[in-house]
Amino acid sequence: MKILKLDGRFANYPRYKYALQFRGRTIRQVSLCAERKEYAKIFEKFYGPARIKNPDFNPSRTHWSLQNIDNPLWMFDKKHNRIYYQDESVLSMVMLMIKPVA
């Protein structure tokens with residue numbers, strides 16, 4: 001895992017300031033990444049789900065991309081296998097909650 005401070009070169013830069021980059025870019029590697037799943041569970045405990053269903057979504061009037069609402073505090077990106085987040089201090093709390101592997 002790498003810790004990234006985002007700038008204009010990275011996806012989702014203006015919305016999020018930091019990211020955790022995990023190994024693997026293929027669909028199989030992303031789906032089997034246990035380390036990312038553990039971090040995602042803890043982010044979900046702090047901030048709630050990464051996405052929720054849009055209550056105002058109407059399939060006959062609205063574009064399909066507006067079906068979900070992203071959490072403004074954190075997000076998981078499957079394409080890049082990253083977890084984006086806003087505040088630098090959050091990572092300290094998350095890392096303290098990760099159980100060490102014996």
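Counting from 1, the numbers follow the sequence of the chain as shown. Note: hydrogens, waters and symmetry copies are ignored here, and every other heavy atom, side chains too, is used.
Taken to the nearest 0.5 Å, the CG atom of L32 stands 8.5 Å off from the OG1 atom of T26. Atom NE2 in H80 sits 5.5 Å away from atom CZ in R25 (nearest 0.5 Å). Between the CZ atom in F22 and the CD1 atom in I83 there is a gap of 4.0 Å [rounded to 0.5 Å]. Separation of atoms CD (Q29) and CZ (R23) is listed at 9.5 Å; rounding is to 0.5 Å.
Under the 4.5 Å side-chain heavy-atom criterion for ILVMFWY residues, no single connected hydrophobic cluster contains both L73 and Y13. Following chains of ILVMFWY side-chain contacts shorter than 4.5 Å, one cannot reach V90 starting from M75, and the two form parts of different hydrophobic clusters. Side-chain heavy atoms closer than 4.5 Å link hydrophobic residues (I, L, V, M, F, W, Y) into clusters, and following such links, even through other members, never connects Y84 to M1. Note: the hydrophobic cluster containing F76 also contains V94 (ILVMFWY, side chain heavy atoms under 4.5 Å, direct or indirect links).
Smallest separation of non-hydrogen atoms from Y18 and Q86: CD1-O, 3.5 Å. Closest approach of N71 and G48 over heavy atoms only: ND2-O, 3.9 Å. N81 and Q21 get closest at one heavy-atom pair: O-NE2, 3.8 Å.
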What pairs of donor and acceptor atoms, side-chain ones from residues 3-10 against any protein atom, are under 3.5 angstrom apart with sequence neighbours left out?
unit_1: D7; atom_1: OD1; unit_2: R9; atom_2: N; d: 3.1
unit_1: D7; atom_1: OD1; unit_2: R9; atom_2: NE; d: 3.1
unit_1: D7; atom_1: OD2; unit_2: R9; atom_2: NE; d: 3.4
unit_1: D7; atom_1: OD2; unit_2: R9; atom_2: NH2; d: 3.2

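Below 30°, between 30° and 60°, or above 60°: for F43 and W74 the angle between ring planes is below 30°, a parallel geometry.
More than 12 heavy atoms of other residues, nucleotides or ligands lie within 6.0 Å of CD in Q67, so this atom counts as buried by the packing criterion. For I27, the CD1 atom sits in a loose shell: 12 or fewer heavy atoms of surrounding residues, nucleotides or ligands are nearer than 6.0 Å.
At least one side-chain heavy atom of F46 sits under 4.5 Å from a side-chain heavy atom of M93. In this structure the side chain of T62 never reaches within 4.5 angstrom of the side chain of D56, judged on heavy atoms.
Residue pairs satisfying the side chain to side chain donor-acceptor pair (under 3.5 Å) criterion with at least one member in residues 30-51, sequence neighbours excluded, are listed as follows: R51-D70.
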